[in-house]
Amino acid sequence: MTVLVTGAAGFIGTATATALRAAGHDVVAVDAMVPQAHVRPVTAPEGVHVLDVRAADDWVGLLRGVDVVCHLAAMVGAGVTVADLPLYAAHNDLGTASLLAAMARAGVPRFVQASSMVVYGEARYRCPDHGHQTPAPRTVEDLEAGRFDNACPRCGRVLDWETVTEDALLDPRSSYAASKVAQEHYATAWARQAPGSAISLRYHNVYGPGMPRNTPYSGVAAIFRSAMEAGRAPVVFEDGGQVRDFVHVEDVARANVAAVQAVGGRDQGSHAAYNVCSGEPVTILDVARMVTAGSAASLSPVVSGEYRLGDVRHVVASPARAADELGFTARVGPKEGLARFARDPLRA
């Protein structure tokens with residue numbers, strides 16, 4: 001198949017384009033080379049078309065003959081300030097809508113895109129006495145007092161987290177999360193109206209070689225590593241007990257290939273979402289410890305008690321649907337992968 005990959009020069013895009021070619025597919029690589037994701041001065045790799053997905057109607061000719069679009073171009077991260085809202089709306093919302101409209105004009109019927117676990121907001125929670133509960137966003141008062149765990153709204157007891165399935169209600173709590181929910185809704189609308197078939201992959205915390213360093217839009221694993229390389233101990237927010245799933249970029253690339261190969265077999269008018277995760281949840285403090293354990297530095301993580309209002313306490317997803325329907329199961333566990341990550345080459 002011929003697959004057009006947006007964001008093809010980025011962290012996940014580079015790994016995905018390589019994996020697609022290894023699987024025998026032809027790749028049309030497109031990237032806007034936005035400075036938040038690339039080294040300065042921004043120079044496109046050989047073979048990458050420098051095009052802005054927000055202007056996708058101007059490159060409909062590039063889409064002709066394409067079988068599937070794998071849409072990875074996006075502004076990522078939780079958003080540094082409220083001033084980032086227009087960036088997320090422009091690149092993620094408008095960019096996706098423009099691309100889907102251009103695909104309809106060019107007659108491309110299959111779409112795979114990067115979504116994120118942030119669409120869920122908080123994890124699924126259970127109170128031992130009152131069953132499943134949906135906690136409200138944590139208050140500034142509680143966070144300032146160091147009360148980081150979610151409490152049962154009925155009895156005040158600390159809630160236990162459970163894995164989230166793709167059928168969970170979406171509850172975006174940051175500008176990035178809101179934009180990812182919008183992307184999924186656009187894909188659903190396009191699939192029905194075009195018609196076409198679409199898959200959204202809800203990546204969990206992606207890390208690995210080629211990850212950007214020293215940028216507020218980087219993932220926390222890269223931030224921990226950059227701190228150590230600068231001779232500083234990694235700083236862990238809250239009490240470090242936040243639970244997440246960290247998935248290696250090699251596994252994410254494999255999931256993208258699986259989705260590209262599966263989307264053609266789905267009914268027109270359909271859109272499905274899948275969690276892409278390792279299935280091995282870890283705390284953020286353990287992530288910092290794993291990264292430091294794999295480095296030559298003798299620095300121990302510092303638990304700061306600081307917090308960000310857009311952050312959630314826990315979010316861990318179930319990998320079952322991706323395994324059953326896409327045949328995807330992660331191969332790199334966090335203990336191995338995060339220790340290796342301490343020595344992996346990163347982007348400047």
Side-chain angles (χ1 to χ4, degrees), residues 36 74-85 87-88 92 114-125 133-153 158-164 168-182 202-207 211-212 215-227 233-247 275 277-278 281-291 301-317 334 338:
Q36 289 86 354
M75 277 290 297
V76 299
V80 179
T81 70
V82 173
D84 286 328
L85 279 166
L87 282 173
Y88 288 99
N92 300 0
S115 185
S116 171
M117 55 85 176
V118 297
V119 299
Y120 296 122
E122 288 280 2
R124 182 178 172 89
Y125 288 92
Q133 299 294 324
T134 302
R138 296 176 296 172
T139 67
V140 173
E141 180 183 15
D142 281 342
L143 293 169
E144 286 285 350
R147 294 187 292 269
F148 300 121
D149 283 308
N150 288 297
C152 175
V158 171
L159 294 171
D160 297 323
W161 62 266
E162 297 181 337
T163 55
V164 181
L169 293 176
L170 305 186
D171 184 19
R173 298 191 179 185
S174 69
S175 51
Y176 175 56
S179 72
K180 284 297 174 182
V181 171
R202 294 172 179 167
Y203 305 153
H204 283 245
N205 296 269
V206 187
Y207 69 97
M211 194 174 189
T215 163
Y217 301 93
S218 292
V220 68
I223 293 171
F224 288 160
R225 174 172 157 171
S226 294
V235 176
V236 178
F237 281 12
E238 300 186 17
D239 60 359
Q242 312 94 299
V243 180
R244 299 288 190 272
D245 188 298
F246 280 72
V247 58
N275 294 323
C277 54
S278 73
V282 292
T283 68
I284 295 298
L285 180 55
D286 281 340
V287 170
R289 288 170 174 160
M290 289 174 188
V291 174
V302 173
V303 177
S304 69
E306 297 176 60
Y307 63 88
R308 297 188 304 182
L309 276 178
D311 285 349
V312 298
R313 181 58 173 170
H314 307 302
V315 56
V316 179
L338 287 165

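The structure displayed is predicted, hence computed values, not measured ones. Because only heavy atoms are used, hydrogens play no part in the values below, and waters and symmetry mates are left out as well, while side chains stay in.
Looking only at side-chain heavy atoms (C-beta outward), P334 and V287 stay at 4.5 Å or farther from each other. Counting only heavy atoms from C-beta outward, the side chains of S179 and M75 never approach each other to under 4.5 Å. S278 places none of its side-chain heavy atoms less than 4.5 Å from the side chain of H204. Inter-residue side-chain proximity for T163 and R124 is flagged as unmet; no heavy-atom pair is nearer than 4.5 Å. At least one side-chain heavy atom of N205 sits under 4.5 Å from a side-chain heavy atom of M117. When side chains are defined from C-beta on, R313 does not count as touching W161, because their heavy atoms never get closer than 4.5 Å. Between V291 and P234, every side-chain heavy-atom pair lies at or beyond the 4.5 Å cut-off.
Here the OH atom belonging to Y125 is positioned 8.0 Å from the CG atom belonging to D149, to the nearest 0.5 angstrom. Summarising the geometry, atom CG belonging to D245 is positioned 9.0 Å from atom CG belonging to N275; distances are rounded to the nearest 0.5 Å. For the atom pair NE2 of H314 and CD1 of I284, the computed distance is 10.5 Å after rounding to the nearest 0.5 Å. In this structure, CZ on R138 lies 9.0 Å from CG on L309, to the nearest 0.5 angstrom.
Closest heavy-atom contact between L285 and V303: CD1-CG2, 3.9 Å. When all heavy atoms of N92 and Y176 are compared, the pair lying nearest together is ND2-CD1, 4.0 Å. Shown here for P135 and N150, the closest heavy-atom pair between the two residues is CB-OD1, 3.7 Å. Between G240 and V236 the shortest heavy-atom distance is CA-CG1, 3.5 Å. For the pair L85 and S175, the tightest heavy-atom approach, listed with the atom from each and the gap, is CD2-CB, 3.2 Å. Taking each heavy atom of V302 and A233 in turn, the nearest pair found is CG2-CB, 3.8 Å.
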Exercise. Start with the C-alpha gap between V140 and Y307, add the side-chain angles, then the distance that decides, and say whether side-chain contact (heavy atoms from CB on, under 4.5 Å) holds.
Key: CA-CA 9 Å; V140 173; Y307 63 88; 3.7 Å; yes
Practice problem: Report the C-alpha separation of Q242 and D311 in whole Å, then their side-chain angles, then the decisive distance to 0.1 Å, and conclude whether the side chain to side chain donor-acceptor pair (under 3.5 Å) test is met. | Solution: CA-CA 10 Å; Q242 312 94 299; D311 285 349; 5.9 Å; no
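Side-chain atoms of Y120 and R202 include a donor-acceptor pair closer than 3.5 Å.
Under 4.0 Å is where a charged nitrogen must lie from a carboxylate oxygen, and between R244 and D286 no such pair does.
Judged by distance alone, the side chain of K180 and the main-chain N or O of A114 form a donor-acceptor pair under 3.5 Å.
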